[in-house]
Structures are given as structure tokens and as C-alpha cells.
Amino acid sequence: MHSSQAQSNQVYKKMSDINNLRNKMDLVTLEMIKLLKTRTDIAKEIGEVKKNIGKGVTDEEREDNLRGKIIQVSKEIGLNETLASKFLNFLLNESIKVQSTNKQTHLSIFLKAKSLEQKGEKIIHMEVGEPDFLPPKIVEKSLSEVFEKGFIKYGQAKGIPMFREALAEFVSKKFDVKITNENILVSPGARFSIFSAISTLLNPGDEMIVIEPAWPAYKDCALNAGIKVRTINTTLEGKWEPSIEQMKNMINSNTKMIVLNYPNNPTGKILPEKLQDSIIELAKEKQLYVLSDEIYSQYAKTNWKSILSYNYEKSIVTQSFSKSHAMTGFRIGYGIASKHIIEKMAKLEALCLTNVSEPIQYVAMKALQADTTNNSKIVQKRLDMLSEKAKELGLEFIIPDGAMYIFAKINQEGFNGVEFANSALEKGLAVAPGEGFGNYTNFIRISACQDEKALMEGMHILGNIMRDN
Ligand code: PMP
């Protein structure tokens with residue numbers, strides 16, 4: 001046989017080997033798809049049962065048990081544990097998606113309240129996290145300057161250079177840190193900075209730790225990006241403080257980020273400094289990103305330390321004009337992180353938005369000159385008043401260290417926050433059910449975003465409903 005003939009025979013054999021292997025792989029994949037269908041059906045069934053008994057979708061303990069078994073099996077069969085856990089995370093997230101019920105949050109109550117108002121009902125809004133006062137005066141004036149100043153065209157994705165300079169200076173002074181414009185990304189609200197940090201820094205199958213109760217968007221952003229959320233449930237009895245031990249046990253090779261939000265929505269908690277220090281120490285040791293949502297820093301009543309002060313290169317701090325400057329509708333906020341992280345986040349922002357509206361950036365830059373200390377005084381006074389009233393009504397809660405809310409437990413047999421929030425609407429009061437912030441069925445969130453008279457009236461209605469129940 002000619003050597004070229006032998007060579008082509010060999011190639012032919014190799015091709016046929018590849019085809020055999022490919023056929024085998026296809027069969028395995030098809031088997032996996034069938035198993036996925038069986039698993040999804042079971043997940044749906046579990047979801048129905050959970051809905052009937054009012055149980056939350058995620059069960060950390062059970063999931064962790066399964067995770068342990070998978071790691072054990074991976075060791076036995078010689079499969080990479082990180083890969084196996086990533087695959088498990090994909091399956092767990094799919095189960096969450098098929099089980100997700102239409103959870104009622106502060107937003108759904110807000111929308112119901114709005115439609116009642118359209119029908120002529122009067123509703124006191126103690127469900128929203130939106131200051132009732134106006135933005136600083138300078139905002140109104142600077143809106144009219146936009147044309148003459150020429151802020152009417154496309155701009156850089158990261159934000160107007162002059163605005164980023166101003167923000168860097170503002171942040172450096174306020175938190176006594178060294179921040180430059182390279183560390184700033186202007187975004188439409190803090191929400192987009194949070195979304196872009198989670199979506200660009202983590203990969204599908206990675207894990208992110210969220211301390212609950214929490215603003216629901218962290219979890220939703222993660223689920224949207226195929227990231228598995230590991231939940232630490234804190235309790236009122238434990239003063240809403242997470243356990244470092246629990247956090248340590250939760251961290252594995254897939255854990256990439258921890259989310260912090262202090263002063264906290266919904267509890268108003270600020271962590272004791274030592275506890276916060278040890279969380280950052282742990283994050284540094286494990287090289288985790290720390291996403292710190294500091295949107296309520298303006299409303300810190302007691303001592304509070306920005307995560308910026310740790311000078312940790314893997315931290316991302318998010319800030320906004322929504323709460324501090326009462327500029328919710330302007331949709332303007334920013335992220336603060338290392339140049340490298342900002343570059344990554346900016347790429348997504350360029351892709352999604354091109355840039356934040358230039359007129360709004362200009363106005364926000366001007367708003368930096370305003371003195372907003374009175375806003376915090378107003379909210380603190382209201383929170384003090386609400387706390388007093390809530391105590392009289394026998395609600396259980398911790399006095400908020402900051403933010404704009406009271407997260408209260410209603411100690412009544414079979415109390416259900418969602419049912420309560422819906423029946424309160426009929427009596428002219430909107431409150432947020434605890435369920436929107438995690439597994440907190442017997443809690444409600446009351447916000448201090450109305451004037452004192454309206455808040456007193458709201459608390460009076462609340463007291464009446466409690467008595468009637
Ligand atoms: N983080 C927290 C904790 C919030 O409560 C909110 C708004 N309710 C946001 C972020 C989003 O704020 P922004 O309007 O800046 O997008």
C-alpha cells in the first residue's frame with residue numbers, strides 16, 4: 001500500500017472514531033435533556049405545594065445539603081468540583097425560575113394604590129421609598145441652562161468628564177478617601193450600576209452572597225445573569241446582624257461577590273464597625289468582590305463607615321441622587337470602583353444606553369452644590385416619631401440607625417404581610433409586605449416618605465386594622 005493511501009485510511013479511521021464519540025456524546029446530551037424535563041416537572045410540583053403552604057422558594061439548608069452530596073460524588077468519580085457546583089447552580093436557578101410566584105412587593109402594592117387613586121380613593125403612601133420633598137432649588141434653575149451650556153448631544157459612556165471630576169472630588173471629601181474621575185461611572189440611578197456590576201464581574205454559575213432582608217433587585221439581577229444567590233437570613237432577634245461563621249461556611253470556589261447595603265433597606269440597620277471590618281477582612285482573604293449599595297448614606301443617624309474607607313481594590317460602591325437629593329425621577333446615580341472595574345461596567349453601559357442623558361448629568365452636577373442636610377433631619381425626625389408610634393402599637397422592630405424605614409414584625413397569630421397590605425389598601429393605607437425582602441411573611445415595611453400629619457394618620461389606620469384582626 002502506498003504511504004499516502006495508508007495515511008488517508010488512518011484519517012478515515014480517526015474520523016469514524018470522532019463520529020462514534022460524537023454519537024455517544026449526543027446520546028448522553030439527549031439523556032440529560034430528558035432528565036432536565038423530569039427535574040423541571042418535579043420542581044414545578046414542589047413550587048405548587050410551596051405556594052399552597054406559603055413557603056419561600058429558596059431553601060438554603062436543603063440546597064447546601066445537595067451541594068455537599070455533589071461535591072462528594074465529584075470527588076469519587078473524578079469530576080472537577082467547581083464545574084459540578086456550577087452545573088448544580090444552573091439547575092437550582094432554573095428551579096427558582098419555574099417556582100417563582102408573583103411575589104407581592106412594595107412595587108406591586110404601590111401600583112395597586114395608584115390605580116385606586118385613579119378611581120378617586122385617598123391613599124397614604126407608606127410603602128414607597130421615595131422622598132416626598134422636592135429636589136434642591138438649583139436643579140430647577142440648571143434645567144433651564146442645558147441648551148445654553150450645550151449639554152444636548154451624545155457623550156462619553158462613563159459620563160461627562162467634568163461631572164466625573166466633580167463626583168470624584170465630592171466623594172473624596174465626603175468620605176475622606178482618594179477617588180479620581182477614573183473611579184467613577186455615571187449611571188441612570190444606582191440600580192444600573194448594581195446591575196452592571198453583577199452582570200459584568202460575575203459569570204453564570206458563580207455565587208453571590210446576599211444578606212436578607214434585602215432590596216429585591218440584587219437577587220433579581222443575579223438570577224437574570226445566571227448567578228446563584230446564597231442567602232444569609234438575618235433575624236430581628238439577632239439585631240439583623242449576619243454571622244461571620246455562616247458566611248465563612250457558605251464560601252466555596254464559585255463564590256465571587258458579597259452584597260452589602262448599610263444603612264439598610266428595609267431594616268434601617270447599620271452594622272457594628274467590628275462586624276463590618278471582619279466581613280471585609282473575609283472578603284479580602286477570599287478575594288471576593290464587595291458590592292456596597294450606599295444609597296442611604298445621607299440618612300445615617302448613627303456612626304457609619306463607607307466601604308470606600310477600606311481601600312479594597314475589589315469593592316464597588318453604588319450611590320445615587322434619588323434619595324439624598326430627592327431626585328428619583330431624574331434617574332441619576334453612580335458607581336465607584338477601581339479603574340479596571342469601571343472600564344468593564346462602562347462597556348455594558350455603552351452597549352445598553354450609549355450614555356446617561358447629558359442634560360440630567362449637568363443638572364446632577366449642579367445639584368452637588370446644594371446643601372441637603374435638612375433632608376436627613378426631616379427623615380430622622382419622622383423616623384423618631386414613627387418609632388414612638390410603632391412602639392405604642394406593640395410592633396416589634398429595632399430603632400433604625402438610618403435609611404427611611406421601619407421593618408416591623410406584627411405578632412399576631414397567622415399574620416400575613418401580603419394579606420395585611422392588601423386589606424390596608426382598602427382602608428386607605430399602603431404599606432410594603434415583608435415578603436418582598438425575603439422570607440419575612442410576618443413583617444411589614446413602613447416608610448417615612450410622607451409629611452408627619454400623613455404618617456400619623458397612616459399609623460392610626462394601621463392601629464385600627466391591627467385591633468380589628
Ligand atoms: N438600592 C436600594 C437599597 C434602594 O432602596 C433603591 C431604590 N429604592 C435603589 C438602590 C435604586 O435607586 P435608584 O433610584 O438610584 O436607581
Side-chain angles (χ1 to χ4, degrees), residues 105-111 125-133 135 139 159 167 171 184-199 208 210-222 234 240 257-271 290-300 304 306-307 316-336 345 349 352-353 356-357 360-361 363-364 367-368 372 375 379 383 400-407 430-434 436-438 445-449:
T105 62
H106 56 290
L107 263 178
S108 43
I109 295 294
F110 173 72
L111 293 176
H125 286 277
M126 287 165 76
E127 84 287 28
V128 283
E130 180 169 50
D132 57 321
F133 31 81
V139 170
L167 284 170
V171 171
I184 304 277
L185 171 74
V186 177
S187 61
R191 186 186 274 272
F192 196 85
S193 277
I194 292 162
F195 171 79
S196 63
I198 294 174
S199 311
M208 178 181 110
V210 173
I211 302 163
E212 284 192 342
W215 185 52
Y218 312 126
K219 245 183 172 169
D220 293 342
C221 285
T234 59
W240 304 121
M257 179 180 274
I258 171 153
V259 181
L260 302 178
N261 168 226
Y262 299 102
N264 179 264
N265 172 11
T267 62
K269 176 79 180 172
I270 290 178
L271 290 184
V290 177
L291 174 59
S292 181
D293 179 0
E294 302 187 356
I295 189 166
Y296 293 106
S297 60
Q298 163 92 10
Y299 298 99
W304 168 84
S306 169
I307 297 304
I316 308 97
V317 166
T318 52
Q319 271 291 1
S320 174
F321 288 77
S322 287
K323 319 286 174 174
S324 57
H325 293 68
M327 286 169 67
T328 44
F330 287 74
R331 309 307 305 129
I332 184 96
Y334 50 105
I336 311 157
M345 288 165 64
E349 190 157 302
C352 299
L353 310 164
V356 177
S357 150
I360 299 303
Q361 289 192 66
V363 165
L368 284 177
T372 54
N375 292 355
V379 171
L383 279 176
D401 305 315
M404 311 191 305
Y405 316 100
I406 288 182
F407 197 54
V431 292
F437 306 95
R445 188 193 72 177
I446 302 166
S447 60
C449 296

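For ligands, and for the atoms within them, numbers begin at 1 and follow the listed sequence.
Summarising the geometry of Tyr405 relative to Val128, their closest heavy-atom pair is CE2-O, 4.3 Å, with the distance given to 0.1 Å. Between Thr234 and Glu212, the closest heavy-atom pair is OG1-O, 2.7 Å.
By the 30° and 60° cut-offs, the orientation of the rings of Trp240 relative to Phe407 is tilted.
When each of Ile316, Val171, Ile307 is paired with Ile336, the side-chain contact (heavy atoms from CB on, under 4.5 Å) condition holds for Val171 and for no other.
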Distances under 3.5 Å, N/O of ligand 1 against N/O of the protein: list each pair and its distance.
| unit_1 | atom_1 | unit_2 | atom_2 | d |
| --- | --- | --- | --- | --- |
| ligand 1 | 1 (N) | Asp293 | OD2 | 2.5 |
| ligand 1 | 5 (O) | Asn265 | ND2 | 2.8 |
| ligand 1 | 5 (O) | Tyr296 | OH | 2.8 |
| ligand 1 | 8 (N) | Lys323 | NZ | 2.9 |
| ligand 1 | 14 (O) | Ser322 | OG | 2.6 |
| ligand 1 | 14 (O) | Arg331 | NH1 | 2.8 |
| ligand 1 | 15 (O) | Ala190 | N | 2.7 |
| ligand 1 | 15 (O) | Ser320 | OG | 2.6 |
| ligand 1 | 15 (O) | Ser322 | OG | 3.2 |
| ligand 1 | 16 (O) | Ala190 | N | 3.2 |
| ligand 1 | 16 (O) | Arg191 | N | 3.0 |
| ligand 1 | 16 (O) | Arg331 | NH2 | 2.8 |

Step by step, would you call Glu349 with Ser187 a side chain to side chain donor-acceptor pair (under 3.5 Å)?
-> CA-CA 8 Å; Glu349 190 157 302; Ser187 61; 4.8 Å; no
Table please: side-chain donor-acceptor pairs of residues 257-268 below 3.5 Å, with sequence neighbours left out.
| unit_1 | atom_1 | unit_2 | atom_2 | d |
| --- | --- | --- | --- | --- |
| Asn261 | OD1 | Asn265 | N | 3.1 |
| Asn261 | ND2 | Asp293 | O | 2.9 |
| Asn264 | OD1 | Thr267 | N | 3.0 |
| Asn264 | OD1 | Thr267 | OG1 | 2.9 |
| Asn264 | ND2 | Asn261 | O | 3.1 |
| Asn265 | OD1 | Arg445 | NH1 | 2.8 |
| Thr267 | OG1 | Lys269 | N | 3.2 |

